[in-house]
Amino acid sequence: MRLSMLKNTPTPKTTNTGMEIGTSTRIASRNTRTRIVSAAGVRNTATMTTRTLLTANTRVTLTKKNTERTRLRRRSLPHIKKEPFDTHSFAPKVVHEDAIKKAPVKRPKDDSDDEPFSSKLEMMKKVKLEKPHEKPLEKKAKKRKAEDDKKPRIKEEPTDKKKKKKEEPEQKWKWWEEERYTDGIKWKVLEHKGPVFAPAYEPLPDNVRFYYDGKVRKLSKSAEEVATFFGKMLDHEYTTKDVFRKNFFKEWRKEMSHEERSVMTNLSKCNFNEINEYFKTKSEERKNMSKEEKLKIRQENESIVKTYGFCLMDGHREKIGNFKIEPPGLFRGRGDHPKQGMLKRRVRPEDVIINCSKGSNIPQPPTGHRWKEIRHDNKVTWLCSWTENIQGQVKYIMLNATSRIKGEKDWQKYEMARNLKGVVDKIRSQYREDWKSKEMRIRQRAVALYFIDKLALRAGNEKEEGETADTVGCCSLRVEHIKLHPELDGQEFMVEFDFLGKDSIRYYNKVSVEKRVFKNLQLFMENKQSGDDLFDRLNTAILNKHLQELMDGLTAKVFRTYNASVTLQQQLKELTNPDDNLAAKILSYNRANRAVAILCNHQRAAPKTFEKSMANLQTKIDAKREQVLLTRREVKSAKADYKVRRDEKFRKIVENKRKTLERLEEQLMKLEVQATDKEENKQIALGTSKLNYLDPRISVAWCKKWIVPMEKVYNKTQRDKFAWAIDMADDDYEF
DNA sequence: ACCCAGACTTAGGAGGTGGAAT
DNA sequence: ATTCCACCTCCTAAGTCTGGGT
């Protein structure tokens, strides 16, 4: 049937931006194996996209001649003062009409500026109650709400299979129907129980021994704890890496007693095997616990979540995202991280700052301890913070994605991207103009923006050398990261990108660009060494400053959101066939999702069991196919019988056989779709784009339009996170 | 004018879990 | 009942961007 068609669907052609793209190939060096995967999906292109993916279990290190690196990581560039919006607006503030219509309601910024704080609060309260300036969106929402109110409220919670009896009885708060704070205040009341600390160190039992140079050695408590961090990781590749071992050993020695330090001078002489075994056994034991024990542990966890996992914010009980403080351990930086293996110190209450509202119940520190500080800052969203010792970064405890505070922000993000939709054509024609500018900095800015727009590259902030892995984004690209080919694979003006991006994920792509871009790149690279910055007159601050002038609130990352969402919408439009059955529709959805993941370079390591489970699936398919064939023959013969003996009994038999065949064929088709989907998805991570880049209202609308159950597209967590969109978007929603 | 800390979003992997397959 | 595997949740690193201080 249509399966063969599905399997080889040529890449959809789309032309929303009117830009051409060549072959896009990405390589993530992983294992030693190379596979070729063709995936459905590209955007902005009339060419077929073929992807080549090499996988690996580890992140890649591009060979780089550090010695050649002449560039200065920190440049001082002329700073352009930030102008208030309007004065330089490139795009007259024609915000897309649709966007205005649907934009979240915002109170004018300064409408109560001279009010004293307290009366502002009063007003805010009133606003929340009265909703004075209602906009279309709100009306719509309100209307829906009114309808809802007629129905019994309980219907909200589709009794999630009787298994989980204690589903939250409280009805969900529709924060999206309320007014928002606009003056930088994030909350008025905040109360919580503080963080949960990592469990104290439990010394090893005496039968678990550590050996140095072949001899048993009892370690001091602090040295032992750090040794267990390493011992636990023995099976991990990290422990074989030089940098990791070197950093670890250096830090471990600091925790050793004087004597230990003088004796243990060589990590290679340390034997952690028994420690490693011990933890393996322990986790095995945990797995083999009886039902009762497991239940008990679960209940304990649940009770912790109940007290520490929620906070009270502005009268609503909200879920906290990460209420546990990170336990001590060895730092696992990604890629070629210079600090990998360093000791991540245990966080004590004395390191923790508590943020809550004045007059609320301040969380109790563990007995015998005190907090570093109690703060009442309602201009920020975090509840607790501490400074981590590896990079000196502040870490936070914040709310879950389902919370009002995160949800509003998320919604706002998509509205910003929709605003961009209204001005993107103008921005595009401007940067094309700028390719011809007399000024180098403007040309660089324009070419960089072109890459960000066309290839969905990240902005690329500067990073401090030696502190982190060497990764880049658009503005921080170096000459060594691109190759220019006047002609390649039969196409003109090809640029070959090869660099490590965020998380040291390799970005490899060959793109045909416009001639002007190509010429500009040649110019930018003139007289430069491979380690020099490609855009030496540009950084993210300059770029974002420029974008700010083109559209209020516009920054580089908005392009990623915009292009991702637009691509999804378009691909869904193109790939969805109304006559398809449910499975095929979902495949189309996944393919649309996949096109975005490819665009954004969201990769994953191929699952360890991939080959095997693929083979299993194939076996099933073969068996099913066999069955189909068999049944087909049976139908035939039954028909023949009926022809000869025209009686009711035989007619029934034919009927039954035919039904069986139909069922089997459908099952087969389902399996085949599944296999296709799986194969195409081998090294592509769909989750990241789904969670962070795709306007959920597009997916919601698609589900509603094609009567696809929402659960097929969003799991429970995702449905919770996108509750606002599910409630809000109708089947005709347009991004 | 510039730097940097701080705040918040985005990211992939580890490991747990629960339901399907045997 | 046991095993297997897919999916989900948790975890925390690594980005982006803002804004305050000097």
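Sequence lines set the chain letters: A, B, ... in the order given, protein chains first and strands last, and positions in each chain run from 1.
Counting to the nearest Å, the P atom of C:dT12 and the NE2 atom of A:His337 are 16 Å from each other. Per the geometry, NZ belonging to A:Lys395 stands 14 Å off C1' belonging to B:dT10, to the nearest Å.
A:Glu292 has no carboxylate O lying under 4.0 Å from a charged side-chain N of A:Lys296, or vice versa, which leaves the two without a salt bridge. Between A:Glu285 and A:Lys282, no side-chain nitrogen of the basic residue sits less than 4.0 Å from a carboxylate oxygen of the acidic one, so the salt-bridge criterion is not met. With salt bridges taken as basic N to acidic carboxylate O contacts below 4.0 Å, none links A:Arg404 and A:Glu318. Salt-bridge formation is detected for the pair A:Glu672/A:Arg625: a Lys NZ or Arg NE/NH1/NH2 atom is positioned less than 4.0 Å from an Asp or Glu carboxylate oxygen.
Here C:dA14 is the nucleotide among C:dA14, B:dT9, C:dT18 with the atom lying nearest to any side-chain atom of A:Asp503. Which of B:dA7, C:dA13, B:dG18 sits closest to the side chain of A:Phe331 comes down to C:dA13.
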N/O-N/O pairs, protein side and nucleotides 20-22 of chain B side, under 3.5 Å:
none

- [ ] Starting at the 5' end of nucleotides 4-11 of chain C, put B wherever the base has a protein heavy atom under 4.0 Å, S where only the sugar-phosphate does, and a dash everywhere else.
- [x] -SS-SS-S
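Not a single donor-acceptor contact under 3.5 angstrom links the side-chain atoms of A:Lys406 to the base of B:dT9.
Every residue two or more places apart in sequence or in another chain that forms a ring-ring contact (aromatic ring centres under 6.0 Å, His included) with A:Phe248 is listed here: A:Phe230, A:Trp252.
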